[in-house]
Amino acid sequence: MKKKEAKASSNQFFDDIGDYIKKKYPFLILFIVGFLTISAINFLKICTAQSVASFVLNDFEIGQISDTTIIASRSLQPTEGEPISIVKGEKIIRKGFVIDEDGYAKLSKMASSPEYIDYRVFADNEIFLLVLGIFWFILFSIIPFGRKIELKEPLLHFVFFLLVYTIAAFGQKFEYFSSPYSICVIIPSCLFIMLVVILYGQLSAILLSFIFSIGVFQATNWGIFPFLFTLATTFSAIVIVRQLERRLDLVFASIMLSILDMLFLMMFKVIFNESIGEAKFIFIGVALNGFFSGILTIGFMTPLEILMNTASVFRLMDLSDLNNPLLRNMCVNANGTYQHSLMVAQLAEAACKSIGTNALLARVASYYHDIGKIDQSEYFVENQRGVNKHDDLNPSLSVSIIRSHVKKGIEKAHQLHLPEQIVTIISEHHGNSVISFFYTEAKSKDPTLKPEDFSYSGNPPSTKVSAVVMLADTVEAACRTLENPSVIRLEKFIHFLINAKIEAKQLDNCNLTFRDISKIKEAFVQILVGFYHSRIEYPDQNQTIDKIIRDENEK
C-alpha cells in the first residue's frame, strides 16, 4: 500500500513538473539562451583578463617573496614584442623565493596570452552567474506583480542586463575606466531602470536593480564600490520616476538624478577613505551619466512603448485624452455609451485608489471598455430613445448582438494597438456572466434552455483592475434604474449587485479581498451619492415648468 502511495506521489510530482514546463517553456528557453550568451561574454572576459593560475598579475611585483608556486601548463614561443619563451612544466615562480625580472616577465607573458585561460576563475564566475540567473527566475515567478507576465518583459530585462554586464566587464580594460570609481561613469544602469519603471512599474524595476547590482559586482572583479553605487543610483531612479505623469518631467528627473549621483560618489569616497580632490573627472562623468540617462529615456521611451505595447503612465495619459478620434466618434454615434463610460471611469478610478491599485489604468480602460458598441449603438438601451430594437427580435438573436460587442471591442482595440492590459479588461469586463434579461424571457418560453447559451464568452477578471471595471460597469448601469436613490438604498443595492457577482464566481480569479470589496463599495456609494444628490426645489418651480411646456405646445 505504501509503495503504491509513494509511486502515485512520484507520478504526481513528475506530472506537475511536466505541466510547469508546458506553461513556462518560453521562459525556460529564454533562461537557457540567456545563460549561454552571458557565459560567452564571461569566457571572452576571462580570455582577455590579466590573470593566470587564479591570480591577478597585479598581485605580484619584482622583488616580492612569492607565496605560491606557478607552473606553466603549456609552452609559449617567443614573439617580436615578447622574446621570452616558456616551456611546459617550467616553474615560473616558486613559493618562498623572490620574484625576479625574468619570472615576472614570464608571468606577464602568460597573463596576456589568450592561450592561458584561467578555467578555475571561469568556473567560479559561471557558478555565480547560474545562481544569479536562478535567483532572477524564481523572483520573477513569486513576486506578486498583479498582472500577467508576458515573455517580452523578462526578454527586455535580459537585453538590458547583457548590455550592463558587458560594459562593466570590458570597460575596465580601458585606462580611463580602469578604477572601481571611474567604471561607474559608463555603466548605463539608471537609463535602463528608468525605462523599466515607465514600461512595467516599480516592482519589475526593483528586481532588475538587484540583478544589475549583483551582475556589476561580479563583472568588475568583485568591486564593492560599483555594486553599492549601482544599487543606490538605480533605487534613486525608481523613486524619482515612479511618480512622474508628464514626459517633460523627465528633464527635471535627469537633473535630480545627476545631483544624487555626485552625492553618492562623494559619500562612498568618504566612507572608503578615498581622496575627493583627485576625482574631478569622475564627478563630472557620473553627473553626465545621470543627466543623459533621463534625456535618453525620453528618446527611447516612445519606440519601446510601441514595441512592447505596454500601459505605461505616459501612454495612458495620451489615451485618456477625450478628444481622440475614437472617443469623439463614440460621443457622436453612441452618446449614451459615452456618458456611461465616463461614469464608469469615475467609479473605477475612485475604487482603485481606495484599494491601492492602478487607478489610471482603470480610468482609461473604462473609457474604452464598450468601444464594441459604437457600430450597433441603437441595440443598447443607454442609446435608445423610445424605440427598442429588441422588441422585433427573438431573445437568442438579441443575445448574440449584445454579446458581440465584447468581441468587436477586442478587434477595435487590436486595430488601435491599445496596450494588452486594456485589451484584457475589455475582454473580461462581462466575464462569462449570464445576460439575465433575455435568458429569463427565453426561459419562460422554453424551460430546457441552459444559462451557458445566454452567457458572455469571456473569462472572469484576472486582475484587481479588471474586476473593479466589471463592478463599476454593473453598478453604474443598474443604479440608473433605481428609484429614489438615497444613501441607504444605494448602499443596499450596490451590496446586492456585488454579492451577485461573487455568487456567480466572477471574482474568483482576481485576488480581491473582503477588505478590498468593502472599500470598493464605499467608493461607489460616495461617487453615486454625489451624482444623484437632491437639489433644493425653488418656489413654484413645477408650476413654472408646466407653464413653459403649455406655451411651447400652443406655439
Side-chain angles (χ1 to χ4, degrees), residues 30-59 111 114 116-140 154-174 176-193 196 204-235 237-238 261 264-265 268 271-272 282 286 289:
L30 174 62
F31 175 81
I32 294 170
V33 172
F35 179 72
L36 292 176
T37 305
I38 294 294
S39 295
I41 299 296
N42 181 38
F43 184 77
L44 185 60
K45 173 196 168 190
I46 298 300
C47 287
T48 57
Q50 290 288 306
S51 63
V52 60
S54 302
F55 295 97
V56 180
L57 182 62
N58 292 336
D59 294 340
Y116 269 84
I117 300 172
D118 206 333
Y119 287 104
R120 181 177 173 182
V121 174
F122 173 72
D124 291 343
N125 289 349
E126 284 294 283
I127 293 171
F128 184 87
L129 290 170
L130 179 61
V131 172
L132 179 61
I134 294 172
F135 172 74
W136 170 83
F137 186 84
I138 292 174
L139 284 183
F140 231 117
L155 177 61
L156 188 69
H157 274 216
F158 165 69
V159 171
F160 285 168
F161 176 80
L162 180 64
L163 292 171
V164 167
Y165 183 84
T166 302
I167 291 171
F170 293 99
Q172 284 189 316
K173 298 183 183 299
F174 297 94
Y176 286 114
F177 308 112
S178 59
S179 77
Y181 296 94
S182 59
I183 187 62
C184 297
V185 171
I186 59 172
I187 297 177
S189 53
C190 286
L191 165 63
F192 297 146
I193 287 294
V196 171
S204 184
I206 289 171
L207 170 59
L208 187 59
S209 177
F210 279 112
I211 301 300
F212 274 176
S213 304
I214 298 172
V216 167
F217 178 57
Q218 189 270 332
T220 56
N221 299 317
W222 321 109
I224 189 64
F225 173 78
F227 165 75
L228 293 175
F229 186 82
T230 302
L231 189 65
T233 54
T234 51
F235 264 66
I238 294 170
D261 283 3
F264 282 127
L265 177 61
F268 288 124
I271 291 173
F272 292 109
I282 302 175
V286 296
N289 184 313

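Treat the numbers as computed from the prediction; the structure is a model and nothing was measured.
- In this structure, the side chains of F272 and I224 come closer than 4.5 Å at one or more pairs of heavy atoms.
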Self-check item: Derivation and outcome, side-chain contact (heavy atoms from CB on, under 4.5 Å), residues Q218 and Y165
Solution: CA-CA 9 Å; Q218 189 270 332; Y165 183 84; 2.6 Å; yes
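- Of the possible donor and acceptor atoms, none in the side chain of T230 sits under 3.5 Å from a partner among the backbone N and O of S213.
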Practice problem: Take F192 and H157 through the ring-ring contact (aromatic ring centres under 6.0 Å, His included) test and state the conclusion after the steps. | Solution: CA-CA 9 Å; F192 297 146; H157 274 216; over 10 Å; no
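- For the residue pair S209 and I238, the shortest heavy atom distance occurs at CB-CD1, 4.3 Å.
- Aromatic ring pairs are classed by plane angle as parallel below 30°, tilted from 30° to 60° and perpendicular above 60°; the pair Y181 and F225 is tilted.
- In this structure, L265 CG and T233 OG1 are separated by 11.0 Å, a value rounded to the nearest 0.5 Å.
- The nearest pair of heavy atoms linking C184 to P226 is SG-CA, 3.8 Å.
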Self-check item: Verdict with supporting geometry, V33 and F158, side-chain contact (heavy atoms from CB on, under 4.5 Å)
Solution: CA-CA 10 Å; V33 172; F158 165 69; 5.8 Å; no
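- Side-chain contact between V185 and V286 is present, with at least one heavy-atom pair separated by less than 4.5 Å.
- Residues F170 and I41 meet the side-chain proximity criterion, which asks for heavy atoms closer than 4.5 Å.
- Side chains of N221 and K45 form a contact here, defined as non-hydrogen atoms less than 4.5 Å apart.
- Between I134 and F31, the shortest heavy-atom contact is N-CE1, 3.7 Å.
- The heavy-atom pair separating T220 from A168 by the smallest distance is CG2-O, 4.0 Å.
- Counting all heavy atoms, side chain and backbone alike, F229 lies closest to D261 at CE1-O, 3.5 Å.
- The distance from the OG1 atom of T166 to the CD1 atom of I187 is 11.5 Å, given to the nearest 0.5 Å.
- Put simply, the side chain of E126 reaches to within 4.5 Å of the side chain of F35, judged on heavy atoms.
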Practice problem: Start with the C-alpha distance between F128 and W222, add both sets of side-chain angles, then the distance that settles side-chain contact (heavy atoms from CB on, under 4.5 Å), and finish with yes or no. | Solution: CA-CA 11 Å; F128 184 87; W222 321 109; 3.7 Å; yes
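- Atom OG of S204 is separated from atom CG of L156 by 8.0 Å, given to the nearest 0.5 angstrom.
- Considering CG of L130 and OG of S39, their distance stands at 8.5 Å, rounded to 0.5 Å.
- The CG atom of L207 sits 9.0 Å away from atom CD1 of I193, with the distance rounded to the nearest 0.5 Å.
- Under the ring-ring contact (aromatic ring centres under 6.0 Å, His included) rule, F210 has a single partner from W136, F235, F161, which is F235.
- Contact of the P188 side chain with the I167 side chain is registered, since non-hydrogen atoms from C-beta on lie closer than 4.5 Å.
- Rounded to the nearest 0.5 Å, atoms CD1 (I282) and CD1 (I183) are 11.0 Å apart.
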